[in-house]
Amino acid sequence: METVNLISAYKGAKAYADCNYNKNNSPEPPYPLKPAEIKTLALLCEELQTLEVPFSAFDGYYIGYIIKQIGKEFDLLRFSDDMIVNVELKSSLNHLSDSQKTDKILRQMIKNHYYLNAMKKEIYIYTFVEDDGLYRFNKESKSTEKVQMSELADLLTKQIFNEEIIPDKLFLPLNYLISPFTKTEQFISGNYFLTEHQENIKKDILNTLKTEYSFLCLTADAGTGKTLLLYDIAKNYVGSSIIIHCGKLNSGHNKLISAHHWNIQPIKKIPSMKITDTEKDISFDNIDKNIKVIFIDESQRINEDQLRMIITSSSKYKIPIIFSYDPKQYLNKSENKDIYNYLTEHYDINSYGCDMKKYQLTKKIRTNPKIASFISNLLKIGSDQSNCSYENISVEYFDSINEMKSYIDYLTENKKWKFITYTAIERTDKNINYISELSDTNAHEVIGQEFDKVAFVMDKNFKYNDNNDLTYNTNGFYDLSGMFYQIITRAVSNLKIIVYNDEQLYYKLLYIKSFGKNK
């Protein structure tokens, strides 16, 4: 995307619209402007021209810029070394009352300020309404007020735009996509926004919870913001809900429990006992008529007895359940259930008097695209042809366990890396015991969490076959492929592979790392 001149933009967009006779064989429009926006932009430029602003004040704008992966859009953005000017364009709002109009304008301004504030520059946000003039955002009072067009004219005249500033390098998804576990206070204070896709799912789920007894299944791959959406919905039911986490509780869970009084229970608290059809009155004591919603996170890992216990309790009090899950995130083969399909196949849903819906988050908003590309090639060499550069991926080699241990300690203590290892059971997993002992943080400990920089070990338990597929030692109690996938999808920004005493594997990984530059 390049900066453009506003006068050229609206006149060019209008000329394109006037000449676009053959809609089946026409070039791409020059600017992402709708007819109403072209009209409003023209009015804005004309009003600025009447104030005799210099022609340079119309230059250097990004039109319709969208933050990658998140989908947040801005109508007009102009960057200089010390400031950002944002102008939003709106056609007539006369169909709204004054309070509704102000509220609509202000909501957008607050959201825009949230995203722009990460740039660490002075921010000026305006909204130009076609038949109602110019509004300015007051960040101190989080309010909006009507101002004269001369204010914007003076600001744009003084601003010296820098066309070398590239928004894609400024708007990093990592700055905006928080975790309820690692940024708990920011989550509680509501200092975040959901994507439009997440908002639409949230709205439908909340409406369903108010009107129907349902089993709602929320499924997504890693990096789609599934956990944030689930906990954002649960915010509406603090004090009248229970969250069952199918794993060990982390420090974020404990903070939500102790400091903010959330009712979160680990799955191990759910009795694992068989319930027959003649024992439908048996239920879990922590679920009673005061509970309005049951949330089950990482529900692909729940066992059948625990699932039946929860459903029995739900049915007894007509409490809806929201299942959140990713079938790809498993640690043994019994934990990769697609809950929606499993319930459909194993339960007579109609007999419980409830409906069932499935929601799918599809767009990866948290995952770094370079890491996602590398992971694809890591699992199967050559599977990703996007030609990403992998400068945020590193591959190290050691043939001494003591030297490797010293390096891992250095990374975790001095360089803020999160080292994650494999979970082992001594009777069966002797092949990876020595790796498991390198850290207290294993694949089970990090379920549902993400970290900026993740490091892990690969060794002789990993091989590439003749089809360039990564294969795994399958002798352990826990599934090594499941643990491996769990570990590599925890990384947000940087991934480090430490190869231990396997020269061929090291060579293959170096080849994959260079694959982004040389197919």
Side-chain angles (χ1 to χ4, degrees), residues 1-21 23 26-51 53 55-68 70-79 84-96 100-116 123-137 144 146-149 151-153 155-156 159 161 163 167-168 171 193 195-197 199-200:
M1 197 174 215
E2 298 178 349
T3 59
V4 300
N5 182 280
L6 292 187
I7 297 175
S8 171
Y10 86 77
K11 291 192 173 182
K14 186 177 182 302
Y16 172 87
D18 291 342
C19 292
N20 190 15
Y21 301 119
K23 297 185 181 296
S26 59
E28 288 292 320
Y31 308 106
L33 290 170
K34 299 174 183 176
E37 292 171 326
I38 297 172
K39 179 183 176 184
T40 307
L41 178 57
L43 289 172
L44 173 66
C45 291
E46 288 168 4
E47 290 201 25
L48 289 172
Q49 285 176 312
T50 62
L51 297 173
V53 298
F55 195 79
S56 60
F58 295 99
D59 212 20
Y61 295 83
Y62 288 94
I63 296 181
Y65 177 79
I66 299 175
I67 302 178
K68 290 183 176 179
I70 295 177
K72 169 59 185 166
E73 183 175 1
F74 302 88
D75 288 345
L76 304 179
L77 281 178
R78 195 177 195 232
F79 296 89
I84 304 172
V85 177
N86 165 223
V87 181
E88 295 296 317
L89 305 172
K90 297 206 177 298
S91 54
S92 177
L93 297 178
N94 285 338
H95 61 288
L96 302 176
Q100 288 174 326
K101 177 169 58 177
T102 301
D103 183 60
K104 181 181 180 70
I105 292 171
L106 183 58
R107 282 202 312 269
Q108 185 180 45
M109 286 178 161
I110 291 173
K111 195 168 187 176
N112 287 13
H113 184 266
Y114 168 78
Y115 285 105
L116 294 171
I123 301 166
Y124 297 89
I125 299 175
Y126 294 88
T127 298
F128 178 70
V129 184
E130 173 189 330
D131 53 5
D132 194 34
L134 189 67
Y135 290 79
R136 179 186 63 202
F137 179 63
T144 185
K146 204 167 182 181
V147 295
Q148 295 297 314
M149 183 62 68
E151 178 179 312
L152 178 59
L155 180 65
L156 297 177
Q159 185 186 23
F161 81 89
E163 62 184 359
D168 286 351
F171 291 104
F193 288 96
T195 66
E196 183 178 359
H197 183 43
E199 286 283 8
N200 290 336

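Everything numeric in this text was worked out from a predicted model, so none of it was measured.
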Q: Just so I know, are the side chains of K101 and D103 near enough to count as touching, which here means a heavy-atom distance under 4.5 Å?
A: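 No, every pair of side-chain atoms sits at 4.5 Å or beyond.
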Q: Can you confirm if the NZ or CZ of K72 lies within 45° of the ring axis of F74 and under 6.0 Å from the centre of its six-membered ring?
A: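 Yes.
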Q: When rounded to the nearest 0.5 angstrom, what is the spacing between CD1 in I63 and CG in D75?
A: 9.5 Å
Q: Would you mind reporting whether L93 and I105 have side-chain heavy atoms less than 4.5 Å apart?
A: yes
Q: Any chance NZ of K111 has more than 12 other-residue heavy atoms, nucleotides or ligands included, within less than 6.0 Å?
A: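 Correct, the count exceeds 12.
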Q: Return the CG to NZ distance between D132 and K90, rounded to the nearest 0.5 Å.
A: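 Interatomic distance, D132 CG to K90 NZ, rounded to 0.5 Å: 12.5 Å.
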Q: With a sphere of 6.0 Å drawn around CD of Q148, does it hold more than 12 non-hydrogen atoms of other residues, nucleotides or ligands?
A: no
Q: Go through it in stages, so that I can follow the logic: the residues are Q159 and Y124, the test is side-chain contact (heavy atoms from CB on, under 4.5 Å), and I'd like the CA-CA distance, side-chain angles, deciding distance and then a yes or no.
A: CA-CA 11 Å; Q159 185 186 23; Y124 297 89; over 6 Å; no
Q: So how far is it from Y61 OH to L41 CG, rounded to the nearest 0.5 Å?
A: 10.0 Å
Q: With a 3.5 Å cut-off and no angle check, do the side chains of Y126 and E151 form a donor-acceptor pair?
A: yes
Q: Quick one: NZ on K146 to OG1 on T102, what's the gap to the nearest 0.5 Å?
A: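 Answer rounded to 0.5 Å: 9.5 Å.
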Q: For Y10 and L44, run side-chain contact (heavy atoms from CB on, under 4.5 Å): C-alpha distance rounded to whole Å, both residues' side-chain angles, the deciding distance at 0.1 Å, then the answer.
A: CA-CA 10 Å; Y10 86 77; L44 173 66; over 6 Å; no
Q: Counting only N and O atoms by type, is there a donor-acceptor contact under 3.5 Å from the side chain of N5 to the main-chain atoms of G60?
A: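 No; judged by distance alone, with no hydrogens or angles, the pair does not exist.
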Q: Could you check whether the rings of Y65 and Y62 sit parallel, tilted or perpendicular, using 30° and 60° as the cut-offs?
A: perpendicular
Q: Can you measure from CD1 (I84) to CG (L116) and round to the nearest 0.5 angstrom?
A: 5.0 Å
Q: Just checking E163: does its CD atom have more than 12 heavy atoms from other residues, nucleotides or ligands closer to it than 6.0 angstrom?
A: no
Q: Please check: side-chain N/O of R78 versus main-chain N/O of F58, any donor-acceptor pairing under 3.5 Å?
A: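 Absent.
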Q: Which atom pair, heavy atoms only, marks the closest approach of G64 to P32?
A: CA-CG, 3.9 Å
Q: So, do L43 and F128 sit near enough that their side-chain heavy atoms are less than 4.5 Å apart?
A: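 Counting from C-beta outward, L43 and F128 do come under 4.5 Å.
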Q: In Å, rounded to the nearest 0.5 Å, how long is the span from CD of E46 to CD1 of I7?
A: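 Rounded to the nearest 0.5 Å, the CD-CD1 separation comes to 9.5 Å.
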Q: Between L6 and L76, is the side-chain contact (heavy atoms from CB on, under 4.5 Å) condition met? List the steps.
A: CA-CA 9 Å; L6 292 187; L76 304 179; 3.9 Å; yes
Q: Ignoring hydrogens, what is the shortest heavy-atom contact between I38 and A13? Give both atom names and the distance.
A: CD1-CB, 3.6 Å
Q: Under 4.5 Å between any side-chain heavy atoms of L156 and V53, yes or no?
A: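 No, side chains not in contact.
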Q: Start with the C-alpha distance between L106 and Y135, add both sets of side-chain angles, then the distance that settles side-chain contact (heavy atoms from CB on, under 4.5 Å), and finish with yes or no.
A: CA-CA 9 Å; L106 183 58; Y135 290 79; over 6 Å; no
Q: With side chains defined as the heavy atoms from C-beta onward, is the minimum distance between T127 and T144 less than 4.5 Å?
A: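 A side-chain contact is absent here, since even the closest heavy-atom pair is not under 4.5 Å.
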